[in-house]
Amino acid sequence: MTRPFDRPAGPPPAFAQQETRPARQSSARRPDVPDDPGRAAAQDVEPDAHEVARAIVLRQLTMAPRSRQQLADKLRQKGCDEQVAHEVLDRMEEVGLVDDEAYAQLVVRSQQSGRGLARRALRQELRRKGVDDDVAGATLEQIGDEEEKERARELVAKKLRSMHGLDAAVQTRRLAGMLARKGYSSSVSWQVIREAIADAPEHRPD
């Protein structure tokens, strides 16, 4: 006979099965302990001013050619120290990445072929882009008088075709205004225009 207080055979009750397990460590890192102290320290270091300036200059030159003055203006806008900017640009000139003479020649070729600008207008364009007057002058000396006059003839011939049927006086006035805006002298303009008007079939005497 089983006594009322005798423990029955079999496994002990569930509440008696207590396992002693080690406490789990939280997988979350403590926010105040960086996983890489060296990296954290590096992030706190101020970037080198020369490296920052070099990066700005290289980014500008990647987008398009620039004069030294344009690059200096950009560095100033970005808050770079003037002495740092000067040293970086000097170094860029030494290695040939900044070259105002080459830049001036590029601008002249582009503006001559694309817009037909004369030397006077080209000088203004170079000055606007920050090219030194001496560099601009040396570049523009390579354009001869006859070359400039020939370019004016091309412009007049092209414009005259779009004014067919107009009175000669109207054509002359419009052609003179167009050449003046492109920087041609009055002497060159009137010579070229007179030649073009005289040679136009619509103005030849029957």
Answer yes if [X] and [Y] sit in the same cluster of Ile, Leu, Val, Met, Phe, Trp and Tyr residues linked by side chain heavy atoms under 4.5 Å apart, and no otherwise.
X      : Y      : result
Leu75  : Val52  : yes
Val188 : Ile197 : yes
Val156 : Trp190 : no
Ile143 : Leu106 : no
Val95  : Val98  : yes

Just do the side-chain contact (heavy atoms from CB on, under 4.5 Å) check on Val170 and Met163 with the steps written out, would you? CA-CA 9 Å; Val170 175; Met163 294 190 296; 6.0 Å; no

If you define the side chain from C-beta out and look only at heavy atoms, does anything of [X] sit under 4.5 Å from [Y]?
X      : Y      : value
Arg54  : Val57  : no
Leu97  : Leu58  : yes
Glu125 : Val107 : yes

Once rounded to the nearest 0.5 Å, what's the spacing between atom [atom1] of [X] and atom [atom2] of [Y]?
X      : Y      : atom1 : atom2 : result
Leu71  : Lys74  : CG    : NZ    : 10.0 Å
Leu122 : Leu140 : CG    : CG    : 6.0 Å
Asp132 : Glu101 : CG    : CD    : 10.0 Å
Ile56  : Gln77  : CD1   : CD    : 10.0 Å
Arg174 : Ile193 : CZ    : CD1   : 13.0 Å
Tyr103 : Thr139 : OH    : OG1   : 12.0 Å

Determine whether a donor-acceptor pair (N or O, by modelled atom type, separation under 3.5 Å) exists between the side chain of [X] and the backbone of [Y].
X      : Y      : answer
Asp100 : Arg68  : yes
Glu148 : Arg119 : yes
Arg151 : Gln112 : yes
Gln69  : Lys129 : no
Arg127 : Asp133 : no
Gln70  : Ser67  : yes

Is Glu82 paired with Arg76 through a side-chain N to carboxylate O contact shorter than 4.0 Å? no

Closest non-hydrogen atom pair between [X] and [Y], with its separation:
X      : Y      : value
Ala53  : Val84  : CB-CG1, 4.1 Å
Ser113 : Ser110 : OG-O, 3.3 Å
Gly116 : Leu155 : O-CD1, 3.4 Å
Lys182 : Ala121 : O-CB, 3.3 Å

[atom1] ([X]) with more than 12 external heavy atoms under 6.0 Å:
X      : atom1 : value
Glu154 : CD    : yes
Lys159 : NZ    : no
Glu94  : CD    : yes

Would you say the side chains of Gln83 and Glu87 form a donor-acceptor pair under 3.5 Å? yes

Test log, rule side-chain contact (heavy atoms from CB on, under 4.5 Å), inputs Leu117 and Val108: CA-CA 8 Å; Leu117 298 186; Val108 166; over 6 Å; no

